[in-house]
Amino acid sequence: MREDGIVVRGAKAHQTGAVNSHEHLIMPTLAMREDDADYAVSFAIESDAPGILMIYGRQSCDTRKMEEGADIDLGNSSFGGHEALVIFDDVFIPNERVFMCREYKYAGVMVERFAGYHRQSYGGCKVGVGDVLIGAAALAADYNGVPKASHIKDKLIEMIHLNETLYACGIACSAEGKPTKSGNYLIDLLLANVCKQNITRFPYEIARLAEDIAGGLMVTMPAEQDLRDEKLGPLVRKYLQGATGTNVENRMRVLRLIENITLGTAAVGYRTESMHGAGSPQAQRIMIQRQGDIEGKKQLAREIAKVDVSLDQKPAGK
Ligand SMILES: Cc1cc2nc3c(=O)[nH]c(=O)nc-3n(C[C@H](O)[C@H](O)[C@H](O)COP(=O)(O)OP(=O)(O)OC[C@H]3O[C@@H](n4cnc5c(N)ncnc54)[C@H](O)[C@@H]3O)c2cc1C
């Protein structure tokens, strides 16, 4: 600590969008005890402040982005993301940019609330990607020549059902939000944690159904360079056109998009971030236990069942 600010040394893994962000907002990631006080800090700092070093995260299929003329094989050439390991090597933070300094008692509630908002937001962001994936799966079914097969229709319905369930939970925890003493609205913490817990599951099922509908060609098809090759191109077009005389380039584009979201670079955000972002599943389950009012529900059941607690040999639940 200095009179005019604090000096920070350490690292933060997993920082999404770090390299293309102007600022970093740093805060504790778990409840803290007195021994942890030196780590109970929250502050904002410019990304290019002296002493900050970012190590860019590797992603699956990322070298495809470097291939000359790559377009189809990228799967999603316009949109992407990244994470970085951000290292703070004695970075000076002036007092006016420090929001928490050693107040370890408040670290828990800060994390709980921040994570609550973050868990609510997944009911929007992952659902948007889900919409793209459902659309791509439906297009793949068209190009595969089976859009009318009853199991395909049913799988698309299932994907929509799961995706809209995620969305409904995001809306619900927002609509049930209440003002705090400061006037700031706080989302319903129980529903926000239920929202994120669903996010750790349903995108995996949606991805599974998309892969089912897409077929194995999604991972076995030749490269864009083969399609463009003078000798191989006509063969690729001939053998991949399928039963319906579909346009092979369009078919490849759609399959690469599905690959990108379920297994490629976007899968980092759609699948693994769904699992671990804003805390691994167990973090939500702890909050669901805390917010779920099991004692209140037991009392409700006692009243409906007309349980006479005076007859119990030992107090229930002990
Ligand atoms: C794509 C992606 C983007 C992300 N973006 C950001 C970001 O922008 N900013 C940010 O701050 N974070 C970000 N995160 C980090 C995210 O919050 C963490 O991944 C998450 O909190 C889990 O932590 P971890 O990955 O270190 O896993 P770990 O904590 O190592 O967990 C791995 C497993 O061990 C279990 N475990 C851990 N500790 C215990 C314990 N004490 N007892 C029992 N079991 C335990 C967990 O339940 C889990 O099953 C991102 C993560 C991903 C995957």
Side-chain angles (χ1 to χ4, degrees), residues 8 10-33 35-36 39-47 52-62 65 75-76 79-88 91 93 99-100 104 107-130 132-133 166 187 189 192-204 206-207 260-290:
V8 177
K12 177 70 186 77
H14 320 299
Q15 293 300 94
T16 301
V19 174
N20 58 4
S21 296
H22 292 114
E23 300 257 341
H24 290 248
L25 182 60
I26 306 298
M27 64 178 76
T29 59
L30 70 177
M32 292 182 164
R33 290 185 294 232
D35 294 352
D36 310 315
Y39 295 92
V41 288
S42 178
F43 55 88
I45 189 73
E46 305 87 31
S47 300
I52 291 188
L53 175 72
M54 295 184 230
I55 305 180
Y56 198 87
R58 288 298 302 258
Q59 299 175 345
S60 75
C61 313
D62 55 4
K65 291 177 184 166
N76 184 348
F79 303 99
H82 71 273
E83 275 70 37
L85 175 63
V86 181
I87 296 167
F88 294 78
V91 178
I93 321 287
F99 313 125
M100 172 186 262
Y104 64 91
V109 71
M110 195 171 179
V111 175
E112 206 173 277
R113 290 189 177 185
F114 167 75
Y117 285 112
H118 199 359
R119 290 168 193 171
Q120 172 257 10
S121 74
Y122 279 121
C125 82
K126 296 299 169 241
V127 175
V129 181
V132 176
L133 187 54
L166 297 174
I187 34 81
L189 280 176
N193 280 279
V194 171
C195 176
K196 172 66 211 320
Q197 182 75 187
N198 287 342
I199 292 283
T200 67
R201 300 175 185 186
F202 297 177
Y204 284 79
I206 295 170
N260 178 270
I261 297 174
T262 58
L263 304 170
T265 47
V268 175
Y270 189 59
R271 289 168 55 125
T272 315
E273 195 195 339
S274 289
M275 184 64 77
H276 289 293
S280 304
Q282 195 57 25
Q284 289 105 62
R285 298 183 80 79
I286 290 167
M287 283 300 289
I288 289 170
Q289 184 197 19
R290 266 192 223 152

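As the structure lists them, so they are numbered: ligands from 1, and atoms in each ligand from 1.
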Could you tell me whether atom 3 (C) of ligand 1 has at least one protein heavy atom nearer than 4.0 Å?
-> yes

Closest protein heavy atom to atom 28 (P) of ligand 1, given as residue, atom name and distance to 0.1 Å | Ser280 OG, 4.6 Å

Distance below 4.0 Å between atom 19 (O) of ligand 1 and any protein heavy atom?
-> yes

Neighbour count above 12 (heavy atom, 6.0 Å) for Tyr39 OH = no

Atom 33 (C) of ligand 1 within contact range, any protein heavy atom under 4.0 Å | no

Heavy-atom distance from atom 43 (C) of ligand 1 to the protein below 4.0 Å?
-> no

Got Pro281 and Met275 here, is their nearest side-chain heavy-atom distance under 4.5 Å?
-> yes

State, yes or no, whether a side-chain contact exists between Asn20 and His82 at a heavy-atom distance under 4.5 Å.
-> yes

Which is it for Ala278 and ligand 1 at heavy atoms under 4.0 Å: side chain, backbone, both or neither?
-> backbone

Atom 52 (C) of ligand 1 has as its nearest protein heavy atom Glu273 CG, 4.2 Å

If hydrogens are left out, which of Gln15, Met275, His14 has an atom nearest to atom 11 (O) of ligand 1, that is, the closest non-hydrogen atom?
-> Gln15

Is there side-chain contact between Gln197 and Asn193, with heavy atoms separated by less than 4.5 Å?
-> no

Within 4.0 Å of atom 9 (N) of ligand 1 (strictly less), any protein heavy atom?
-> yes

Without hydrogens or angle criteria, can the side chains of His22 and Ser47 be said to hold a donor-acceptor pair below 3.5 Å?
-> no

Ligand 1 atoms in contact with Glu83 (distance to a heavy atom under 4.0 Å) | 1 (C), 3 (C)

Going by distance only, is there an N or O of Thr16 that falls short of 3.5 Å from an N or O of ligand 1?
-> yes

Leu166 vs Pro203 side-chain heavy atoms within contact, under 4.5 Å = yes

Mark whether atom 38 (N) of ligand 1 lies under 4.0 angstrom from at least one protein heavy atom.
-> no

With a 4.0 Å cut-off, strictly under, does atom 48 (C) of ligand 1 pick up any protein heavy atom?
-> yes

Are more than 12 heavy atoms from other residues, nucleotides or ligands located less than 6.0 Å from atom CD of Gln289?
-> no

Check each heavy atom of Lys12 against ligand 1 and say whether those closer than 4.0 Å belong to the side chain, the backbone, both or neither.
-> side chain

Proximal atoms of ligand 1 relative to Val268 (non-hydrogen, under 4.0 Å) = 1 (C)

Would you mind checking which non-hydrogen protein atom is closest to atom 16 (C) of ligand 1, with the distance to 0.1 Å?
-> His276 O, 3.3 Å

Evaluate the side-chain proximity of Lys65 to Gln59: yes if any heavy-atom separation is below 4.5 Å, no if none is.
-> yes

From atom 21 (O) of ligand 1, work out which of Gly277, Gly279, Ala84 has a heavy atom at the shortest distance.
-> Gly279

Glu273 and Tyr122, any side-chain heavy atoms less than 4.5 Å apart = yes

Taking side chain as C-beta onward, heavy atoms only, is Thr29 less than 4.5 Å from Lys12?
-> yes

